[in-house]
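Contents: one structure, followed by commentary.
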Amino acid sequence: MKLDPIAIETMLDQLVEKGWYEWPNAISESLCLALLNELLEAEEAGRLKKAGIGRSEERQINNNIRRDQIRWLTGETPAQIEFLAIMTTLQQALNRALFMGLFEYEAHYALYKTGDFYKTHLDSFKGQANRMVSTVLYLNPDWDAKNGGELVLYNENEEIIQTTVTPSIGKLVVFLSEQIPHEVLPTKLPRASIAGWFRCNSSTGQIANPAK
């Protein structure tokens with residue numbers, strides 16, 4: 001499948017104006033269900049890992065902040081190949097229009113079980129020039145708003161709620177990683193998504209800056 005070019009232009013305008021874009025029905029339901037099936041199979045096989053906070057040597061598990069389970073996409077299945085190809089199209093559009101210099105996309109499945117949440121945080125801190133644009137794709141069919149698990153986007157000072165996103169299947173949320181604090185509210189039913197990040201290469205000299 002291909003992304004709607006008109007929606008891409010709207011997304012680019014909204015990123016410049018507001019720093020975020022909520023894109024309903026961006027990804028086909030059939031692809032979302034294939035990805036959801038992979039996630040549920042991974043859960044059944046015990047291949048999900050408790051999500052941490054921080055990166056590299058600073059990574060830690062903190063259930064008071066974050067309680068989801070994850071599995072990184074490897075691009076080894078037809079569903080992942082299709083999804084990652086769509087994200088490549090998005091990356092090219094961002095680079096062409098906004099000159100962002102994005103060179104890589106990393107993503108993982110995220111499963112929030114009943115009661116799970118992720119408190120307010122930024123995906124990247126200013127000046128690190130690592131994760132630049134964040135994406136979230138929702139996979140659960142027939143999700144009702146009363147089930148909770150919403151994504152809340154705040155202004156930079158975390159004082160004003162900019163939007164509260166219901167995690168409907170096929171919806172893609174795109175936002176600036178360094179500028180948009182956000183949280184996942186507690187969910188009343190298991191909630192599945194793919195979280196991803198477009199990265200710039202901040203490697204310098206002899207210091208490499210790998211994904212994950």
Side-chain angles (χ1 to χ4, degrees), residues 11 14-15 18-27 32-33 35-36 38-40 42-43 48-55 58-73 83 87 105-125 130-199 212:
M11 180 271 298
Q14 292 297 301
L15 279 185
K18 301 188 300 184
W20 60 272
Y21 180 56
E22 181 179 347
W23 190 341
N25 304 310
I27 307 297
C32 289
L33 291 176
L35 293 164
L36 175 62
E38 284 192 9
L39 172 55
L40 296 179
E43 180 196 15
L48 300 184
K49 294 183 178 180
K50 193 71 178 176
I53 57 175
R55 292 169 67 86
E58 297 180 358
R59 185 179 182 276
Q60 59 177 299
I61 303 296
N62 188 329
N63 288 330
N64 293 320
I65 295 177
R66 181 179 187 181
R67 293 188 179 179
D68 58 317
Q69 299 177 64
I70 68 170
R71 181 172 176 81
W72 290 94
L73 274 67
F83 172 70
M87 292 299 101
Y105 181 74
E106 59 179 354
H108 64 60
Y109 288 113
L111 179 63
Y112 288 78
K113 293 188 175 181
T114 301
D116 286 352
F117 57 85
Y118 193 166
K119 290 190 176 180
T120 306
H121 62 285
L122 282 168
D123 284 344
S124 183
F125 293 104
N130 185 0
R131 291 174 170 177
M132 301 298 293
V133 178
S134 302
T135 67
V136 183
L137 171 66
Y138 298 109
L139 305 178
N140 287 87
D142 304 317
W143 190 266
D144 193 298
K146 67 182 181 183
N147 296 333
E150 299 96 333
L151 175 69
V152 182
L153 305 184
Y154 295 93
N155 70 337
E156 289 192 63
N157 296 324
E158 301 181 23
E159 297 174 345
I160 299 173
I161 294 176
Q162 300 198 67
T163 190
T164 300
V165 180
T166 300
S168 306
I169 189 169
K171 182 181 291 183
L172 184 69
V173 183
V174 185
F175 57 93
L176 299 178
S177 305
E178 295 184 343
Q179 296 183 21
I180 305 295
H182 54 285
E183 69 173 319
V184 177
L185 299 180
T187 182
K188 298 178 182 178
L189 290 176
R191 169 196 181 281
S193 61
I194 294 176
W197 302 270
F198 293 106
R199 292 160 39 92
K212 302 190 279 294

Checklist entry - Would you say Arg191 and Lys113 make side-chain contact, with heavy atoms under 4.5 Å? => result no
Next on the checklist: I'd like to know whether Ile65 forms a side-chain contact (heavy atoms from CB on, under 4.5 Å) with Tyr118, so could you lay out the CA-CA distance, the side-chain angles of the two residues, the decisive distance to 0.1 Å, and finally the verdict.
Outcome noted: CA-CA 6 Å; Ile65 295 177; Tyr118 193 166; 4.1 Å; yes
Checklist entry - Do you know the tightest heavy-atom contact between Gln162 and Ile180? => result NE2-CD1, 3.6 Å
Next on the checklist: What's the separation between atom CG in Leu111 and atom CG in Asp116, rounded to the nearest 0.5 Å?
Outcome noted: 7.5 Å
Item to check | Side chain Asn140, main chain Ala192, donor-acceptor under 3.5 Å | outcome: yes
Item to check | Rounded distance (nearest 0.5 Å) linking atom OG1 of Thr120 with atom CG of Leu185 | outcome: 8.5 Å
Checklist entry - Could you go step by step and tell me if Val133 and Leu176 meet the side-chain contact (heavy atoms from CB on, under 4.5 Å) rule? => result CA-CA 5 Å; Val133 178; Leu176 299 178; 4.2 Å; yes
Next on the checklist: If you compare all heavy atoms of Thr114 against all heavy atoms of Pro190, which two are closest, and at what distance to 0.1 Å?
Outcome noted: OG1-CD, 3.8 Å
Next on the checklist: Once rounded to the nearest 0.5 Å, what's the spacing between atom CD of Glu43 and atom CZ of Arg71?
Outcome noted: 12.5 Å
Checklist entry - Are Leu139 and Tyr109 side-chain neighbours, meaning at least one heavy-atom pair lies under 4.5 Å? => result yes
Next on the checklist: Is the ring pair Trp72/His108 parallel, tilted or perpendicular, if the boundaries are 30 and 60 degrees?
Outcome noted: perpendicular
Next on the checklist: If I take atom CZ from residue Phe83 and atom OG1 from residue Thr135, how far apart are they, to the nearest 0.5 angstrom?
Outcome noted: 5.5 Å
Checklist entry - Are any non-hydrogen side-chain atoms of Leu172 and Tyr21 less than 4.5 angstrom apart? => result no
Checklist entry - With no hydrogens and no angle check, is any side-chain donor or acceptor of Asn155 less than 3.5 Å from a backbone partner on Ile160? => result yes
Next on the checklist: Please find the pair of heavy atoms, one from Arg66 and one from Asp68, that lie closest to each other, and give the distance.
Outcome noted: NE-OD1, 2.7 Å
Checklist entry - How many angstroms lie between CD in Gln69 and CZ in Arg67, if you round to the nearest 0.5 Å? => result 12.5 Å
Checklist outcome for this item: What one should report as the nearest heavy-atom pair of Pro181 and Leu122 is N-CD2, 3.5 Å
Next on the checklist: Could you walk me through whether Thr187 and Trp143 satisfy the side-chain contact (heavy atoms from CB on, under 4.5 Å) test, starting with their C-alpha distance in whole Å, then the side-chain angles of each, then the deciding distance to 0.1 Å, before giving a yes or no?
Outcome noted: CA-CA 11 Å; Thr187 182; Trp143 190 266; 3.5 Å; yes
Checklist entry - Do Met132 and Glu178 have side chains that get closer than 4.5 Å, going by heavy atoms? => result yes
Item to check | Validation row: Leu137, Leu35 side chains within 4.5 angstrom (heavy atoms) | outcome: yes
Item to check | Residues Asn147, Thr166; criterion side-chain contact (heavy atoms from CB on, under 4.5 Å); working and verdict | outcome: CA-CA 9 Å; Asn147 296 333; Thr166 300; over 6 Å; no
Item to check | Nearest heavy-atom neighbours spanning Ile70 and Ala51 | outcome: CG2-CB, 3.7 Å
Checklist entry - Shortest non-hydrogen contact from Pro167 to Glu150? => result CD-CA, 4.1 Å
Item to check | Test item: Glu106 and Arg199 side chains (from C-beta on) under 4.5 Å apart, heavy atoms | outcome: yes
Next on the checklist: A quick test of your reading: do over 12 heavy atoms of other residues, nucleotides or ligands sit less than 6.0 Å from CG of Asn157?
Outcome noted: yes
Next on the checklist: Strictly distance-based, threshold 3.5 Å: is any side-chain N or O of His121 a donor or acceptor partner for the main-chain N or O of His182?
Outcome noted: yes
Item to check | Spacing of CG belonging to Asn130 relative to CH2 belonging to Trp197, to within rounding of 0.5 Å | outcome: 11.0 Å
Checklist entry - So, do Phe117 and Val184 sit near enough that their side-chain heavy atoms are less than 4.5 Å apart? => result no
Checklist entry - Any side-chain heavy atom of Tyr138 within less than 4.5 Å of one from Ser168? => result no
Checklist entry - Between Tyr154 and Glu183, do the side chains contain an N or O donor and an N or O acceptor separated by less than 3.5 Å? => result yes
Next on the checklist: Has Thr163 got a side-chain atom pairing as donor or acceptor with Leu153's backbone, closer than 3.5 angstrom?
Outcome noted: no
